[in-house]
Asker: 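My questions all concern the structure below.
A note on names: the letters A, B, ... follow the listed sequences, proteins ahead of strands, and every chain is numbered from 1. Everything numeric in this text was worked out from a predicted model, so none of it was measured.
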Number of protein chains: 2
Amino acid sequence: MPQKDTSKAILEAAEQLFSERGFAETSLRTITARAGVNLAAVNYHFGSKKSLIHAVFAGFLTPFTARLRSELSLYEESLADEPAELRYLLGIVFNTALLTCADQPERLNRFMRLLGLAYTQGQGHIKRYLNREYGEDFASFSDLLRRSMPELSAEELYWRFHFMLGAVMFTFSGVDTLKAMAEHDVGRLAQTSDVIDLLLPFVAGGMQVPAQLPVAFAGREVSGAS
Amino acid sequence: MPQKDTSKAILEAAEQLFSERGFAETSLRTITARAGVNLAAVNYHFGSKKSLIHAVFAGFLTPFTARLRSELSLYEESLADEPAELRYLLGIVFNTALLTCADQPERLNRFMRLLGLAYTQGQGHIKRYLNREYGEDFASFSDLLRRSMPELSAEELYWRFHFMLGAVMFTFSGVDTLKAMAEHDVGRLAQTSDVIDLLLPFVAGGMQVPAQLPVAFAGREVSGAS
DNA sequence: TACCGTTTTAAACGTATGTTTAAAACGAAT
DNA sequence: ATTCGTTTTAAACATACGTTTAAAACGGTA
């Protein structure tokens with residue numbers, strides 16, 4: 001099947017280049033040059049640049065959500081009526097992501113970067129596509145998350161969820177830069193799984209912190225010195 | 001001074017449009033149309049699109065860092081030798097940011113979005129500019145942060161700092177979308193300062209969580225079911 | 001009013017983009 | 001060997017971009 005090779009090469013090059021430079025900044029000519037295929041191949045195989053972007057996301061998210069769905073339902077069954085444990089829940093997600101990219105660990109960084117870009121960068125069609133295609137999985141994870149923190153109000157849970165998403169996505173968006181800076185600053189090279197081991201307690205700690213401000217810092221004024 | 005009006009109009013339009021669509025996705029023609037000025041005015045007043053981007057950042061960061069510097073040094077003096085308190089430190093930063101945009105509160109969202117874009121989006125020249133121009137302020141805040149968490153190793157502090165940055169920037173990057181979703185999901189409209197009141201305990205909780213994983217989840221395997 | 005530096009303007013420049021076209025090359029089936 | 005659907009290719013298309021140009025308009029000063 002030689003035609004699969006062309007699609008595959010395009011997808012790989014696109015995944016790499018999009019994650020490095022963003023969507024608008026990456027031209028089809030750069031992608032096809034890197035893939036070693038003709039420029040028109042993108043429109044022939046994918047129809048448009050937008051569809052290529054969607055296909056790149058699907059290349060990771062479809063196997064990831066499939067695996068995650070089964071992992072989460074297994075966990076949910078094992079729970080019966082007890083509340084879910086947050087750190088275990090998050091651990092499942094991270095491990096599923098790691099497993100999905102088990103053969104090429106750098107792919108995980110790339111996809112986190114891509115998800116971060118999809119969220120922050122304009123490109124409304126990406127958000128629409130992701131929501132249409134994977135919104136259901138997102139919602140069912142949210143439900144489990146809610147069950148793991150029954151004491152939290154809906155509003156607090158909502159915002160903390162997105163704070164957590166931010167810490168995770170932002171970190172992996174720049175994880176390569178950050179790892180290089182960490183090496184320079186603190187002298188030790190970190191693996192992605194090491195970063196996850198530091199990130200998981202952080203987000204769990206943030207999620208589970210008591211809801212009210214426990215220190216006397218409720219006012220809005222600082223010192224007043226201009 | 002009619003020439004100041006042109007620069008001002010360009011800056012305002014650029015700030016707004018860049019934060020909504022990103023840098024590469026916003027053309028000078030869109031900016032000048034929104035500003036009601038001639039296309040060539042950008043290159044006449046700013047030299048290039050890159051310099052315009054830098055000027056937009058400077059429009060917020062220069063007053064912000066000036067104010068922050070004085071606030072932090074006041075706090076530092078008041079400390080003498082005792083360690084800084086994390087939540088108070090973070091509170092100073094947030095309040096300084098709020099004060100810098102006191103007249104137009106939506107500007108804070110915009111600048112957080114812009115900073116998030118600068119960090120995640122390629123555009124290497126922006127990161128270089130920010131580091132050259134404001135790297136010193138960043139470093140001196142890092143020092144105070146280190147003093148507020150003396151028990152943390154350099155490596156853990158480094159990563160948690162960036163987790164925190166992620167939660168903050170990501171949140172404000174999408175704060176308008178998020179507020180709209182929150183309104184839809186939980187029914188209550190949030191103000192930016194309300195979001196900060198939820199965000200501050202979250203990041204403080206994450207920063208101050210005990211370093212080691214306190215639950216038995218150190219292994220990498222999940223359940224094995226495909 | 002005449003002058004001159006500053007600012008604005010319309011038009012064009014060169015380049016790059018996503019997409020389309022129509023012909024060529026390919027591969028299996030008749 | 002010929003046919004036919006699929007895939008690849010080089011070339012062109014139309015559009016959009018950032019930037020430059022040179023002339024026009026402006027505004028205070030002599």
Side-chain angles (χ1 to χ4, degrees), chain A residues 1-58 114 117-118 121-129, chain B residues 1-58 114 117-118 121-129:
Chain A
M1 60 260 317
Q3 73 280 20
K4 274 289 171 189
D5 285 353
T6 301
S7 293
K8 195 98 185 155
I10 291 173
L11 280 171
E12 274 173 22
E15 172 188 317
Q16 215 167 305
L17 289 163
F18 282 150
S19 77
E20 286 169 6
R21 317 183 183 185
F23 304 106
E25 294 87 345
T26 306
S27 71
L28 295 185
R29 283 171 174 82
T30 311
I31 293 171
T32 52
R34 163 97 50 116
V37 306
N38 188 274
L39 166 63
V42 170
N43 285 278
Y44 178 77
H45 285 282
F46 297 93
S48 68
K49 187 181 182 180
K50 282 186 183 180
S51 303
L52 172 61
I53 295 174
H54 299 170
V56 167
F57 277 102
L114 289 173
L117 288 176
Q121 204 150 332
Q123 300 276 152
H125 69 94
I126 303 180
K127 272 176 264 190
R128 259 175 274 126
Y129 168 81
Chain B
M1 62 270 302
Q3 73 280 18
K4 275 290 173 188
D5 285 352
T6 300
S7 292
K8 196 98 185 156
I10 291 173
L11 279 172
E12 273 174 22
E15 173 187 315
Q16 214 167 307
L17 290 164
F18 283 151
S19 78
E20 287 170 6
R21 318 183 181 185
F23 305 105
E25 295 87 345
T26 305
S27 71
L28 295 185
R29 283 170 173 84
T30 310
I31 293 171
T32 52
R34 163 96 50 116
V37 305
N38 187 275
L39 165 64
V42 170
N43 285 278
Y44 178 77
H45 286 281
F46 297 94
S48 68
K49 187 180 183 181
K50 282 186 184 181
S51 302
L52 172 61
I53 295 175
H54 298 171
V56 167
F57 278 101
L114 289 173
L117 287 176
Q121 205 150 332
Q123 300 278 149
H125 69 94
I126 303 179
K127 271 176 265 189
R128 256 175 276 126
Y129 169 80

Asker: Would you kindly give the CZ-to-C1' distance between A:F46 and C:dT19, to the nearest whole Å?
Answerer: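 So the CZ-C1' distance, A:F46 to C:dT19, works out to 16 Å.
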Asker: Do B:V56 and B:L11 pass the side-chain contact (heavy atoms from CB on, under 4.5 Å) test, and can you show the C-alpha distance, the side-chain angles, and the key distance before you say yes or no?
Answerer: CA-CA 6 Å; B:V56 167; B:L11 279 172; 3.9 Å; yes
Asker: Let's go through B:Y44 and B:N38 carefully: what are the C-alpha distance in whole Å and the side-chain angles of both, what is the deciding distance for side-chain contact (heavy atoms from CB on, under 4.5 Å) to 0.1 Å, and is it a yes or a no?
Answerer: CA-CA 10 Å; B:Y44 178 77; B:N38 187 275; over 6 Å; no
Asker: Could you give the CG-to-P distance, from B:N43 to D:dT21, as a whole number of Å?
Answerer: 11 Å
Asker: Given atom CG of B:N38 and atom C1' of D:dT19, what is their separation to the nearest angstrom?
Answerer: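 It works out to 13 Å between those atoms.
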Asker: Round to a whole Å and report the spacing from CG of A:L39 to C1' of C:dG18.
Answerer: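 Going from CG in A:L39 over to C1' in C:dG18 covers 8 Å.
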Asker: Can a side chain N or O of A:T6 be found less than 4.0 Å away from OP1 or OP2 on D:dT7?
Answerer: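 No, A:T6 has no side-chain N/O under 4.0 Å of OP1/OP2 on D:dT7.
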Asker: Distances under 3.5 Å between protein N/O atoms and the N/O atoms of nucleotides 15-17 of chain C, please, pair by pair.
Answerer:
from	atom 1	to	atom 2	distance (Å)
C:dT17	OP1	A:S27	OG	3.3

Asker: Starting from P on D:dG18, measure out to CG on B:L17 and report it in whole angstrom.
Answerer: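 About 12 Å, once rounded to whole Å.
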Asker: Enter the distance from A:L52:CG to A:E15:CD here, rounded to the nearest 0.5 Å.
Answerer: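 It is 11.0 Å, given to the nearest 0.5 Å.
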Asker: Below 30° counts as parallel, above 60° as perpendicular, anything between as tilted: where do the rings of A:Y129 and A:H54 land?
Answerer: parallel
Asker: Rounded to the nearest angstrom, tell me the gap between atom OH in B:Y44 and atom C1' in D:dG18.
Answerer: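 Those two atoms, OH and C1', are 19 Å apart.
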Asker: Can you check the A:K8 NZ to D:dT7 P distance for me, whole Å?
Answerer: 17 Å
Asker: OP1, OP2 of D:dT8 versus side-chain N and O of A:H45: anything below 4.0 Å?
Answerer: yes
Asker: Starting at atom CZ of B:F23, determine the distance to atom P of D:dG18, rounded to an integer number of angstrom.
Answerer: 14 Å
Asker: What pairs with B:F46 under ring-ring contact (aromatic ring centres under 6.0 Å, His included), at least two apart in sequence or on another chain?
Answerer: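 Per chain and number, B:F46 pairs via ring-ring contact (aromatic ring centres under 6.0 Å, His included) with no residue.
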Asker: Show, in sequence, the C-alpha distance, side-chain angles and deciding distance for A:F23 and A:L117, and conclude whether the side-chain contact (heavy atoms from CB on, under 4.5 Å) test is met.
Answerer: CA-CA 8 Å; A:F23 304 106; A:L117 288 176; 3.8 Å; yes
